[in-house]
Protein chains: 2
Amino acid sequence: MSEDRRVRRTRRLIQEALVALILEKGYDAVTVTDIIDRADVGRSTFYAHFTHKQEVLLSNLDEMAFLHPTPATDAGRLFAFSLPMFEHVQEQERLVRALLGRHGGGPVIARGEQMIAELVRGDLLAAGGRSSAALDLLVVCVVGAFMGLLRAWVNGETTATPTELDAAFRAAVEPGVRAILNRP
Amino acid sequence: MSEDRRVRRTRRLIQEALVALILEKGYDAVTVTDIIDRADVGRSTFYAHFTHKQEVLLSNLDEMAFLHPTPATDAGRLFAFSLPMFEHVQEQERLVRALLGRHGGGPVIARGEQMIAELVRGDLLAAGGRSSAALDLLVVCVVGAFMGLLRAWVNGETTATPTELDAAFRAAVEPGVRAILNRP
DNA sequence: CGATATAACGAACACTGTGTTTCATAGTGA
DNA sequence: TCACTATGAAACACAGTGTTCGTTATATCG
């Protein structure tokens, strides 16, 4: 029932090779030829599994479990996802730096933004916000602030701990959010 | 004293061709060959003026005057740059969409972020903030929120007017900022 | 274990795009 | 007018992509 062992092996080798190469040269500089050399895998084999370089990148996303965090939204607490996510990111530092970092692929960041936008939107609605154009703009601002912090850490522009990042995020954003929610 | 007329002509043709092509196909899909075909310019001529595709992109930045806005910081008013910048962006819609949009080049966004970060930082210091790691994180949040709105508009995800964007930005961010500035 | 399916290999291929070179031509500024 | 130099055209080596095909290796299942 489970996949052929050779298939799993090949896919894993290719994914690992890409991550290693991104950390060395940056995503853009990595070629398919690089990947198959590093993975020690035939060219035709690569294209039997992936059609593009980017597909390998996105296939890695499924293993970044922290992007699908428990929606354990404490009822009263806004943005409960924040601290756990910063912590998960710190744990998987190597992988995250490769995928999200300065040299990582833009597509991954775009996906991450979408996922977080959904979380934020859910939180705001749960906290009494009413679906509207203004709420969408608020979501954009909150997500922007969060992703900004994430990027700053990933790119080594700050050495703050997850707790500090979480605190900075809440301090910057919560007052405005609460003010808006309390009188729409 | 002034440059050779042929040089000006060639550079202008190339820049215009790139903008037009980005709007049609997206930055990544545009090749140097595309550009010189569209600009009707010899291959060697292109490389006599620019070494990379990206250089053409950045050469366009100098003409985006709104990125160097008047630092007309009303003393008491935080983020005075916000509304004027949204307005300028709206005016230069075509160029901005090409350079900053979903299909525009990442480098331009990175530069824009830097510029805005400096503005924000200056504003916060002028408003009584003290230089610190915490302030840097706050700057990151504020810039993230602003760029988020800018990107949302550029990508057509919102039809809000400059005034509305400015209002959303301030509403989301100002309360938190003021709270932090008032008791560090 | 053995038979069958199928994954992987490796080499070759056409194709697209890059960046360089060379040289004749045409436009420019003094 | 005249010296200067930007341009255009063509050809080039090079690197990377994505496909094809015959052979070999190795899972999986009976």
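In the text below, chain A, chain B and the rest are named by the order of the sequence lines, each starting its count at 1.
Here the P atom of nucleotide D:dA6 and the CG atom of B:Leu13 are 16 Å apart, to the nearest Å. A:Lys25 has its NZ atom 12 Å from the P atom of D:dA15, to the nearest Å. The nearest whole Å value for the distance from the CD atom in B:Glu55 to the C1' atom in C:dG19 is 14 Å. In this entry the distance linking CZ of A:Phe46 with P of D:dG18 reads 8 Å, nearest Å. Rounded to whole Å, atom C1' of C:dA7 lies 12 Å from atom CD of A:Glu3. Regarding A:Ile14, its CD1 atom lies at a distance of 8 Å from the P atom of C:dA8, rounded to whole Å.
Pairs of residues two or more places apart, or lying in two chains, that qualify as salt bridge (Lys or Arg N to Asp or Glu O under 4.0 Å) and include a residue from residues 34-58 of chain B are B:Glu24-B:Arg38, B:Lys25-B:Asp34. Listed by first then second residue, pairs satisfying salt bridge (Lys or Arg N to Asp or Glu O under 4.0 Å) with a partner in residues 133-155 of chain B read A:Glu113-B:Arg151, B:Arg121-B:Asp136, not counting sequence neighbours.
When each of B:Phe146, B:Trp153, B:Phe81 is tested with B:Phe86 by the rule ring-ring contact (aromatic ring centres under 6.0 Å, His included), just one qualifies, namely B:Phe146. Checked against A:Phe79 for a side-chain contact (heavy atoms from CB on, under 4.5 Å), the options A:Asp166, A:Val177, A:Ile116, A:Leu119 give a single hit: A:Val177.
Defining each end axis of the helix from C:dC1-D:dG30 to C:dA30-D:dT1 as the rotation carrying four pairs' C1' atoms onto the next four, with five pairs an end, the two axes are found to diverge by 40° to 10 degrees.
Shown for residues 30-38 of chain B: no residue has heavy atoms falling under 4.0 angstrom of DNA chain D.
In this structure, A:Ile14 CD1 and A:His49 NE2 are separated by 6.0 Å, a value rounded to the nearest 0.5 Å. Interatomic distance, CG of B:Leu135 versus CG of B:Leu125, reported as 5.5 Å (0.5 Å rounding). If you take NE2 on B:His52 and CG on B:Leu58, they are separated by 11.0 Å, rounding to the nearest 0.5 Å.
Applying the salt bridge (charged side-chain N to carboxylate O under 4.0 Å, His left out) test to B:Arg9 and every residue at least two apart in sequence or in another chain returns nothing.
The side chain of B:Tyr47 places no N or O atom within less than 4.0 Å of a non-bridging phosphate oxygen (OP1 or OP2) of C:dT20.
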Using a cut-off of 4.0 Å between protein heavy atoms and nucleotide atoms, how would you tag nucleotides 7-14 of chain D 5' to 3' with B, S and -? SBB-----
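Counting only distance, with no hydrogens or angles, the side chain of B:Asp4 and the backbone of B:Arg6 share a donor-acceptor pair below 3.5 Å.
Toward the 5′ end of DNA chain C lies the nearest nucleotide of B:Thr51, the other residue of the pair B:Arg5 and B:Thr51 mapping further downstream.
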Quick one, B:Val173 with A:Cys141, criterion side chain to side chain contact (heavy atoms under 4.5 Å, CB included). Give me CA distance, side-chain angles, the key distance, then yes/no. CA-CA 8 Å; B:Val173 147; A:Cys141 287; 5.5 Å; no
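Heavy-atom minimum distance, B:Leu138 versus A:Ala172: CD1-CB, 3.7 Å.
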